[in-house]
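Just so you know, these numbers use all the heavy atoms, side chains as well, and skip hydrogens, waters and symmetry mates. A, B, ... follow the sequence lines: proteins, then strands. Residue 1 opens every chain. This structure is a prediction, so every number in the text was calculated from the model and none was measured.
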Amino acid sequence: MTRSPDELEARLREVGENRYHHRHPFNLRMHEGTLSREEVQTWVRNRYYYQTRIPIKDSLIVSKAPDPSFRREWVERIHDHDGRRPGEGGLELWLALADAVGLSRGQVEDLSGVLPGVRSACDDYVEFVDSHDLLSSVAASLTEMFAGDIMKVRIAAFEKHYAWVTAEGLRYFRTRTVQAPKDAEQGLAFVLREATSEEDQERCVAALERKCEILWNLLDAVERGCTAPHLSPHAMWRDDPAEGTLLVLPERAVKINATGREILETCDGERSAVAIASSMRERHPDVAGIESDVHEYLSEMRTLGVLQRGA
Amino acid sequence: MSAPRPFNLIAELTYRCPLRCIYCSNPVAYDDVREGLDAAMWCRVFREAAALGVLHVGLTGGEPGLRPDLDEIVRGASEAQLYSHLVTAGVTLDRSDLEALRGAGLRSVQLSIQDTNAAASDRIAGTPSFDRKLAFAEDVHACDLPLSLNTPLHRHNLDRVGEIIELASNLRAHRIELANTQYHGWALRNRTALLPSREQLERAAREVAEARITFPDLEILFVLPDYYSDRPKPCMGGWAQKNIVISPNGRVLPCHAAAEIEGLEFWSVPERSLEECWGKAPGMNVFRGEAWMPEPCKSCPERVRDFGGCRCQAFELTGDAGATDPACELSPRHETILAARARAEAVPADDFVYRGPQ
């Protein structure tokens, strides 16, 4: 059944209410004030990758639009993020946030600390827009409708609970409380005007659901990076004459090389995956991409039960 | 030719069992097999197994919990540096027994559960056991041992596979093996009553896929049965390649069912070393590698993946252990599988023979 524009808007808002990442446990903890400094830093460092994908996603949307007035309006988003000259724009403000939480600009900009799960979630978004038409792509961007509110909650939470983050760091959030509703208004008006058939409307709902899922996956990955892996208490080390070092588990034996052993010996349930990856980087500064390799390895070891699952 | 390195030892400590499951993989004539190995002999076998490269030992049966010397056997496995795994029905051991086994070096426990409720589970097991099993799962956790579950699947429980997985999660198992019944031993005798329909299997496969998302921390093993996959299973990772089975009388075998194949000569550990029994017994070498393969196996690209399928099944269904596994659609005898499937679909039998002395 085809919905009226009001009904469609209500349906889209319902998707946001149920699936937007304001309900994600990591965001709930952020807003309650229980994140550690390391967790805040991990989030800022990883979310930066998402910020870098947004202007690329918006450029793809502009390239799909035949209407000059649509393009003229939408291109503003790219300027909002990239600025009109060096040192301006949302990306720059995000780097100011990074600075305010105690990260160096270089280590954020080089993306070396981006968790593989975060990278794939953000790449999924660009890929979605690349492979879908204008209507679905704009519908996916409608998480903007819910961004204004979450930014207000976030600013209050940072001021109250994370006083160590200076006010200069919060400028990105303040800017978005204005930009996001404006962007959302344009996107929503387009979707309500263009999605007139039942099929198109369902496509828009599905696109928004997919986008919510992507944002959720991003935070899942951040959350996993912040948890401390713990070697399974049921794993037994064994030096095997033919295979080298093995970890024997109830249903399998896993071959562990020297680097693997170095990583697993630090999985004591105290240090987070992110901390383990960054200490490996310090010890092996010449190995390119080592942090992301460490995260992939930890995830593989979790699947095999070498590391405790559900932790 | 030197024998390949075995990684796993399956020690069938006894064929006695308080359960009478209708798909038991023990030989139909299990009652004729004497318990020939005392704890000291098992300990000797474990030391020899470790020297051959074995890492895991599965203590199974029958019901290994019926051995009064089980803790001595476990200690022997532990002293040989083997990772010991108890495969049990969970009705004979109490918490203090488990604590003693843990003290002796037991590493992990696999509990069999037949279904999700007492009536259905007990019907398959042929004896009241379900409630005791649930309590046993708690005992395993109380002893800080990792728990996995094993639920053989068939026509009578396949429709509840989602609930079975949920039960595994509720029992805090880290893994569940949903083994589709393999038709040897008692299962072959009860085949018409056990074979599921294709529709049931497809529904179950969908439920398993959903459950993997709902329970990401539970390892779920589910493989389509060879009767429906039209491809043979890579049985035991190849004949006498990775796994050693030792039956209660000390016979060293390549799998649980191989003793049923007529005319094969296997050797026993009381008489010879494990190394000889594994490496040199004629029955071990007859299907090792690829030299025995007939066409279409010999030139088939799949042979490196399925190792020519199951020799026991070939023997049971064609009378020739060296034939192509009839489960394969390329087998000239594949119609025996199709006929069994058709029979089970047309007249699903509901009466079965419980495991018991013949």
Side-chain angles (χ1 to χ4, degrees), chain A residues 19 24-26 116-117 120-121 124 209-210 212-214 216-217 219-225 227-256 267 269 273 298-311, chain B residues 2 4-10 50-59 77-88 102 105-111 140-141 143-150 168-169 172-177 179 212-221 237 242-243:
Chain A
R19 305 196 187 201
H24 192 283
F26 191 87
S120 75
D124 281 349
E209 285 175 345
R210 175 76 183 110
C212 288
E213 183 184 42
I214 285 167
W216 197 275
N217 292 345
L219 286 183
D220 274 353
V222 170
E223 198 172 43
R224 219 173 305 124
T227 53
H230 199 306
L231 195 66
S232 165
H234 311 304
M236 178 170 102
W237 289 102
R238 230 185 115 136
D239 284 317
D240 188 87
E243 304 283 337
T245 303
L246 297 176
L247 268 176
V248 187
L249 294 152
E251 281 84 18
R252 56 178 65 86
V254 184
K255 213 165 152 168
I256 308 291
C267 293
L298 292 174
S299 144
E300 189 191 337
M301 292 298 119
R302 201 178 297 115
T303 307
L304 289 172
V306 167
L307 297 170
Q308 271 181 320
R309 298 199 188 90
Chain B
S2 69
R5 170 181 177 172
F7 284 89
N8 188 35
L9 172 65
I10 297 159
L52 289 177
V54 166
L55 299 172
H56 286 96
V57 57
L59 304 168
S78 165
E79 281 168 5
Q81 297 278 301
L82 297 180
Y83 198 103
S84 55
H85 182 60
L86 182 70
V87 181
T88 177
R102 159 121 180 131
L106 183 68
R107 288 282 179 165
S108 65
V109 177
Q110 183 181 80
L111 170 65
V140 173
H141 290 302
C143 296
D144 279 329
L145 285 161
L147 173 72
S148 63
L149 295 189
N150 175 22
S169 173
R172 291 175 290 143
H174 70 277
R175 170 179 160 112
I176 179 161
E177 294 183 11
R212 287 190 207 279
I213 296 165
T214 315
F215 305 106
D217 295 326
L218 178 65
E219 188 177 337
I220 303 172
L221 190 79
K242 295 186 165 75
N243 295 280

Give a yes or no on whether A:Arg19 atom CZ has more than 12 heavy-atom contacts from other residues, nucleotides or ligands under 6.0 Å away. no
B:Arg107 vs A:His234 side-chain heavy atoms within contact, under 4.5 Å: no
Any donor-acceptor pair under 3.5 Å linking the side chain of B:His56 with the backbone of A:Leu249? yes
Which atoms of B:Asp144 come close to chain A, meaning under 4.5 Å heavy atom to heavy atom: side chain ones, backbone ones, both, or neither? backbone
Any Lys/Arg nitrogen of B:Arg5 or A:Asp240 sitting under 4.0 Å from an Asp/Glu carboxylate oxygen of the other? yes
Distance in Å, A:Arg238 CZ paired with B:Leu82 CG, rounded so as to fall on 0.5 Å steps: 6.5 Å
Does B:Arg172 have any salt bridge (Lys or Arg N to Asp or Glu O under 4.0 Å) partners at least two apart in sequence or in another chain, and if so, which? B:Glu138
Atom group of B:Gln81 that falls short of 4.5 Å from chain A, counting heavy atoms: both
Take B:His174 and A:Glu251 through the test side-chain hydrogen bond (donor to acceptor under 3.5 Å, both in side chains) and record every step on the way to the result. CA-CA 11 Å; B:His174 70 277; A:Glu251 281 84 18; 3.2 Å; yes
Evaluate A:Arg252 against B:Phe7 for side-chain contact (heavy atoms from CB on, under 4.5 Å), listing each step before the verdict. CA-CA 10 Å; A:Arg252 56 178 65 86; B:Phe7 284 89; over 6 Å; no
Per-residue contact mode, B:Leu221 against chain A (heavy atom under 4.5 angstrom): neither
Looking at B:Ser148, B:Pro146, B:Pro216, B:Ser108, which makes the most heavy-atom pairs under 4.5 Å with chain A? B:Pro146
Those residues that, when tested against B:His85, pass ring-ring contact (aromatic ring centres under 6.0 Å, His included) (two or more places apart): none
